[in-house]
Amino acid sequence: MHVPDRSFFERSSLDVAPELLGAHLTHITDDGPVTLRLTEVEAYLGDGTDPGSHAFRGKTPRNAVMFGPPGHVYAYFTYGMHTCANLVCSPEGRASAVLLRGAEVIVGEELAWRRRGSKAPHRDLARGPARLTVAAGIRLDENGSDAFEPPFAIEIPDTPVTPFATGPRTGISGPGGDEALYPWRFWIPGDPSVSPYKRHARAKSSGHPAG
DNA sequence: CCTTTGATCATCT
DNA sequence: GATGATCAAAGGT
């Protein structure tokens, strides 16, 4: 486990996403630290070719952070009540991002449990993008924060986690959710903290070079 | 295990 | 005015 160079994020989210599996993301507040071990992520592009991406129709006030420097946090509000978090990829000006969809809480479980406000089992604490954001204590007003600076910290595995699984992205209507065109959801096979939604999609073991 | 449904509002058309 | 990178509770199999 090591702190990556910022250039790690200066690549397409398609390359970064699978290498974030198993990474540790820490967020510290006055209440203490929470560290997440990432188990499920999704890649989104910003070059106008990805209809599932917030950046598909160009830069707007909401997605502006996606077009900013890599290694920063893109947080957005949706469904009238939920916040989700991404890590920005690609060089500045070329938006792409990795949505954090599932993780295991490995530090600060008590704090994460308190934030979630329910008796969630350990595996459910950060299972799903909105739950993950609550468990970590990431707030909407932290949109644009540098993930390399406090209150954030990130470490990645010395060797990428293999094998990993791929499949269609979750919750996307229209062509952006088409597995054949955009199989850009990545997860650690069999991990209980992978989000359950639309899991009917068959987990195929990665035929990726890495696995 | 599964499916259905209500909640609730910023954003974009 | 419709939609959405969602969740939790309730009820069925």
Side-chain angles (χ1 to χ4, degrees), chain A residues 12-14 16-18 20-21 25 36 38-68 72-90 95-103 105 112-144 147 165-187 190 192-203:
Chain A
S12 166
S13 57
L14 279 176
V16 174
L20 280 175
L21 295 175
L25 179 67
L36 304 175
L38 301 178
T39 60
E40 180 191 8
V41 298
E42 282 175 3
Y44 290 86
L45 300 189
D47 58 6
T49 64
D50 177 7
S53 172
H54 284 175
F56 181 53
R57 294 179 191 283
K59 192 173 179 178
T60 69
R62 176 174 71 160
N63 66 24
V65 169
M66 281 182 78
F67 291 79
H72 286 234
V73 175
Y74 166 46
Y76 67 92
F77 182 76
T78 190
Y79 286 106
M81 63 194 87
H82 296 304
T83 300
C84 299
N86 298 248
L87 293 173
V88 174
C89 300
S90 302
S96 78
V98 175
L99 171 68
L100 310 181
R101 282 201 61 90
V105 176
W113 184 87
R114 227 182 307 152
R115 285 173 174 151
R116 293 272 282 103
S118 66
K119 287 187 177 180
H122 177 74
R123 68 168 169 280
D124 282 352
L125 277 175
R127 187 192 199 199
R131 292 162 161 183
L132 181 155
T133 304
V134 170
I138 299 171
R139 302 185 315 277
L140 191 56
D141 61 34
E142 292 182 287
N143 183 36
T166 65
R169 295 178 296 188
T170 299
I172 297 188
S173 59
D178 188 327
E179 172 169 17
L181 300 175
Y182 309 98
W184 295 345
R185 179 179 175 219
F186 304 86
W187 68 94
S193 65
V194 171
S195 70
Y197 297 98
K198 304 191 179 178
R199 197 197 272 170
H200 57 75
R202 192 176 287 287

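Proteins get letters first, then strands, A, B, ... in listed order; numbering begins at 1 in each.
The side chain of A:T78 contributes no N or O atom lying less than 4.0 Å from OP1 or OP2 of B:dA10. In this structure, A:R116 reaches the C:dA8 phosphate: one of its side-chain N or O atoms is under 4.0 Å from OP1 or OP2. Taking side-chain N and O atoms only, A:H54 has a distance below 4.0 Å to OP1 or OP2 of C:dA5. For C:dA5, the OP1/OP2 oxygens have no side-chain nitrogen or oxygen of A:S53 closer than 4.0 Å. Using a 4.0 Å cut-off, some side-chain N or O of A:R131 falls inside it from OP1 or OP2 of C:dA8.
Without hydrogens or angle criteria, A:S53 side chain to A:L45 main chain gives a donor-acceptor distance under 3.5 Å.
For A:Y44, the side-chain atoms get nearest to C:dA5 when compared with the rest of B:dT13, C:dA5, C:dC7. Distances were taken from every side-chain heavy atom of A:Y79 (C-beta onward) to each of B:dT13, C:dA5, C:dG4; the shortest belongs to C:dG4.
Counted within 6.0 Å of CZ on A:R116, heavy atoms from surrounding residues, nucleotides or ligands total more than 12; the atom is thus considered enclosed.
Per the geometry, CE belonging to A:M81 stands 6 Å off P belonging to B:dT8, to the nearest Å. Separating the CZ atom of A:R62 from the C1' atom of C:dA5 is a distance of 9 Å, rounded to the nearest angstrom. Rounding to whole angstrom units, CZ of residue A:R101 and P of C:dC7 are separated by 7 Å. Look at NZ on A:K119: it is 17 Å from C1' on C:dA9, rounded to the nearest Å. Atom-to-atom, NE2 of A:H82 to C1' of B:dG6 comes out at 11 Å; the value is rounded to the nearest Å. Residue A:L45 contributes atom CG, which lies 14 Å from atom C1' of C:dA5 at whole-angstrom precision. Rounded to an integer number of Å, the gap from A:E42 CD to C:dT6 C1' is 12 Å. For the pair A:N143 CG and B:dT11 P, the computed distance is 10 Å after rounding to whole Å.
Here the CG-OH distance, from A:N143 to A:Y76, works out to 11.5 Å after rounding to the nearest 0.5 Å.
Counting atom types as modelled, A:Y76 pairs no side-chain N or O with a base atom of B:dA10 as donor and acceptor under 3.5 Å.
Looking only at side-chain heavy atoms (C-beta outward), A:L25 and A:L100 come within less than 4.5 Å of each other. Considering only heavy atoms from C-beta on, A:T83 stays 4.5 Å or farther from A:I138 through its side chain.
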- prompt: With Watson-Crick and G-U wobble geometry limited to distances under 3.5 Å, how should the secondary structure of DNA chain C be encoded in dot-bracket form, using | for bases paired to another strand and [ ] for crossing pairs?
  reply: ||||.|||||||.
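A:F77 comes within 4.0 angstrom of the backbone, heavy atoms only, and of no base.
Under the salt bridge (charged side-chain N to carboxylate O under 4.0 Å, His left out) test applied with A:E40, the options A:R169, A:R185, A:R131 reduce to a single match, A:R185. Applying ring-ring contact (aromatic ring centres under 6.0 Å, His included) to A:W184 and the options A:Y182, A:W187, A:F186 leaves one that passes, A:Y182.
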